[in-house]
Amino acid sequence: VLSVKVSVYIGLGSNLDDPLAQIQTAVATLNQTEELKVLACSSLYGSKPQGPQDQPDFANAVCLVETTLSPLNLLACLQAIEQQQGRVKKRHWGERLIDLDILLYGAQVISTEVLTVPHAEIANRDFVLIPLVEIAPDLVIPNFGSIGSLISKLDVSYLKPLAESHAV
């Protein structure tokens, strides 16, 4: 276990079985995990599915956490939380109870068979960038540039804030 604390951004998504509650449960679980501390969470946003359109809309949020876990240990931890919450992956880009993605791990660039950081699709996803800029307006994403410049390049955003709800 590293003694160094690293700032990590985690994307959360759900479109099954009360998505808002799923995200709130995941954030609570993150916060109860010994090696993690949730520092900030974005508002919750609704988004259209990226893949097959015959599924419910998603609820999305981004959290900033501080961790002493290595990137791969953090990935294992997030996958364990997904399993614990009952995630079943039915199809690629399909419905999911809960999805937890490491978006950024400090300023590191990681490219392995199991983990790519920054998240490979980070520059193309309004449901990641918009919640991210809410909690980190001056963020610079390694290999991609400033979050503001990425948002300005989005063709169009279909994101809608979900009431005045926060993930925490």
Side-chain angles (χ1 to χ4, degrees), residues 1-14 19-45 47 58-87 89 96-154 159 161-162 164-168:
V1 176
L2 309 168
S3 54
V4 181
K5 290 187 168 132
V6 181
S7 293
V8 179
Y9 290 91
I10 295 173
L12 302 96
S14 171
L20 298 184
Q22 294 296 338
I23 288 176
Q24 286 163 339
T25 299
V27 171
T29 307
L30 286 170
N31 224 2
Q32 289 156 8
T33 303
E34 196 176 320
E35 303 88 353
L36 297 176
K37 182 177 178 198
V38 177
L39 301 179
C41 267
S42 72
S43 308
L44 289 156
Y45 292 87
S47 64
F58 276 82
N60 295 96
V62 171
C63 282
L64 167 61
V65 301
E66 198 174 63
T67 186
T68 52
L69 292 171
S70 71
L72 291 176
N73 286 343
L74 177 60
L75 178 65
C77 174
L78 296 183
Q79 289 171 338
I81 292 171
E82 290 176 344
Q83 295 296 324
Q84 184 185 322
Q85 257 181 259
R87 172 177 177 172
K89 193 167 183 176
R96 50 206 51 191
L97 202 60
I98 189 68
D99 192 25
L100 302 174
D101 287 330
I102 301 172
L103 303 172
L104 295 166
Y105 184 93
Q108 288 191 38
V109 175
I110 302 163
S111 184
T112 68
E113 281 181 20
V114 293
L115 183 60
T116 302
V117 175
H119 193 286
E121 292 292 322
I122 197 167
N124 309 319
R125 295 192 164 164
D126 59 352
F127 62 86
V128 169
L129 294 173
I130 307 286
L132 198 51
V133 78
E134 183 187 320
I135 58 174
D138 301 320
L139 191 65
V140 175
I141 299 170
N143 293 350
F144 288 97
S146 78
I147 189 151
S149 69
L150 291 175
I151 288 174
S152 70
K153 289 180 195 146
L154 287 174
L159 225 50
L162 297 175
E164 288 301 308
S165 51
H166 274 70
V168 183

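All residue numbers in this chain count up from 1 along the given sequence.
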Within the structure provided, determine whether [X] and [Y] are in side-chain contact (heavy-atom separation under 4.5 Å).
X	Y	answer
Ile102	Pro71	no
Thr33	Ile81	yes
Asp126	Tyr45	no
Leu30	Cys77	no
Pro131	Leu159	yes
Leu69	Val8	no
Thr67	Tyr105	yes
Ile98	Ile23	yes

When you measure from the side chain of Ser7 to the backbone N and O of Glu66, does any donor-acceptor pair fall under 3.5 Å?
->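 No; zero donor-acceptor contacts below 3.5 Å.
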Subject >> Leu97 backbone acceptor or donor facing Gln85 side chain under 3.5 Å >> reply: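 Such a contact is absent between Gln85 side chain and Leu97 backbone.
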Inset, instruction - Could you verify whether a donor N or O on one side chain and an acceptor N or O on the other, from Ser43 and Glu134, lie under 3.5 Å apart? - result: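 Present: a donor and an acceptor within the cut-off.
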How long is the straight-line distance from [atom2] of [Y] back to [atom1] of [X], given to the nearest 0.5 Å?
X	Y	atom1	atom2	value
Asn60	Leu162	CG	CG	8.5 Å
Leu20	Thr25	CG	OG1	10.5 Å
Ile151	Leu129	CD1	CG	5.5 Å
Asp101	Arg125	CG	CZ	7.0 Å

Name each donor-acceptor pair under 3.5 Å that joins a side chain in residues 110-119 to protein atoms two or more places apart or in another chain, with its distance.
residue, atom, partner, partner atom, Å
Thr112, OG1, Val114, N, 3.3
Thr112, OG1, Leu115, N, 3.0
Thr112, OG1, Leu115, O, 3.2
His119, ND1, Glu121, N, 3.2

Exercise. Please assess Leu139 against Tyr9 for the test side chain to side chain contact (heavy atoms under 4.5 Å, CB included), listing each intermediate value before the final yes or no.
Key: CA-CA 11 Å; Leu139 191 65; Tyr9 290 91; 3.9 Å; yes
Please determine whether side chain to side chain contact (heavy atoms under 4.5 Å, CB included) holds for the pair Leu36 and Leu74, giving the CA-CA distance in whole Å, both sets of side-chain angles, and the decisive distance to 0.1 Å. CA-CA 9 Å; Leu36 297 176; Leu74 177 60; 3.7 Å; yes
